[in-house]
Amino acid sequence: MTENKKKPNPIDIHVGSRIRLRRTMLGMSQEKLGESLGITFQQIQKYEKGTNRVGASRLQNIAAILNVPVSFFFEDAPGDQPGSATGSEASSSNYVVDFLSSSEGLQLNRAFVKISDAKVRRRIVDLVKALSAEGEAE
């Protein structure tokens with residue numbers, strides 16, 4: 001039972017990952033977010049990992065700073081799938097959040113949306129699909 005107390009709650013982990021996602025989408029550092037809230041960047045790290053729970057008023061402040069509604073942090077939260085089975089929808093949206101939370105994913109996304117030619121974007125998608133299929137064949 002002691003071991004269970006040290007394990008972060010899945011909702012806290014999810015909220016933290018959404019904070020990190022939005023912060024990185026804006027190109028904001030943990031230090032900058034912490035300064036805006038009057039706390040240290042280490043505290044932001046703990047929120048983002050889910051090791052520390054974000055209080056309601058703090059979450060509202062974070063939402064205002066990151067320019068999103070509070071509900072943003074709970075989108076696709078674990079156990080929040082009314083009407084769906086075990087969560088194929090949840091797993092499909094989780095990989096998107098994981099991708100956009102990575103440095104490479106964010107860089108790719110930023111660069112990709114700057115490409116105005118739809119044909120070029122389509123060819124890039126085809127290239128990535130071909131490369132990923134190549135990796136699976138090995």
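Since we're looking at a predicted model, the values are computed, not measured.
Across every non-hydrogen atom of Val113 and Arg110, the tightest pair is CG2-O, 3.3 Å. Considering all non-hydrogen atoms of both residues, Ala63 and Pro69 come closest at CB-C, 4.2 Å.
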| query | Would Arg23 and Glu48 count as a side chain to side chain contact (heavy atoms under 4.5 Å, CB included) if you check the C-alpha gap in whole Å, the side-chain angles of each, and the deciding distance to 0.1 Å? | reply | CA-CA 10 Å; Arg23 178 183 58 74; Glu48 290 182 357; 2.6 Å; yes

For this session: Check the pair Leu37, Ile44 against side chain to side chain contact (heavy atoms under 4.5 Å, CB included), reporting the backbone distance first and the verdict last.
Result: CA-CA 10 Å; Leu37 293 165; Ile44 299 298; 3.8 Å; yes

Arg122/Asp126 under salt bridge (Lys or Arg N to Asp or Glu O under 4.0 Å): CA gap, chis, key distance, verdict: CA-CA 6 Å; Arg122 181 73 242 161; Asp126 292 341; 2.9 Å; yes

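Within the 4.5 Å cutoff, no side-chain heavy atoms of Leu33 are placed close to those of Ile39. Within the 4.5 Å cutoff, side-chain heavy atoms of Arg22 are placed close to those of Asn67. A heavy-atom distance below 4.5 Å is found between the side chains of Ile65 and Met28. Under the 4.5 Å side-chain criterion, counting only non-hydrogen atoms from C-beta, Leu66 is in contact with Phe73. Inter-residue side-chain proximity for Ile13 and Thr51 is flagged as unmet; no heavy-atom pair is nearer than 4.5 Å. A heavy-atom distance below 4.5 Å is found between the side chains of Phe72 and Leu21. Residues Ile62 and Val68 fail the side-chain proximity criterion, which asks for heavy atoms closer than 4.5 Å.
Enclosure of atom CD in Gln60 is not indicated, since only 12 or fewer non-hydrogen atoms of other residues, nucleotides or ligands lie within 6.0 angstrom.
No cation-pi contact links Arg18 to Phe74, judged by a cut-off of 6.0 Å to the six-membered ring centre and 45° from its axis.
A donor-acceptor contact closer than 3.5 angstrom is absent between the side chains of Tyr47 and Arg53.
Between the CD atom in Gln30 and the CD atom in Gln43 there is a gap of 11.0 Å [rounded to 0.5 Å]. Here CD of Glu35 is found 11.0 Å from OG1 of Thr40. Values are rounded to the nearest 0.5 Å. Atom CZ of Arg121 is separated from atom OG of Ser116 by 7.5 Å, given to the nearest 0.5 angstrom. Interatomic distance, Arg123 CZ to Ile115 CD1, rounded to the nearest 0.5 Å: 12.0 Å.
At a threshold of 4.5 Å between side-chain heavy atoms, the hydrophobic network of Ile, Leu, Val, Met, Phe, Trp and Tyr places Met25 and Phe41 in two separate groups.
With sequence neighbours excluded, the residues satisfying side-chain contact (heavy atoms from CB on, under 4.5 Å) with Leu108 are Phe99.
No side-chain donor-acceptor contact under 3.5 Å links His14 to the backbone of Gly50.
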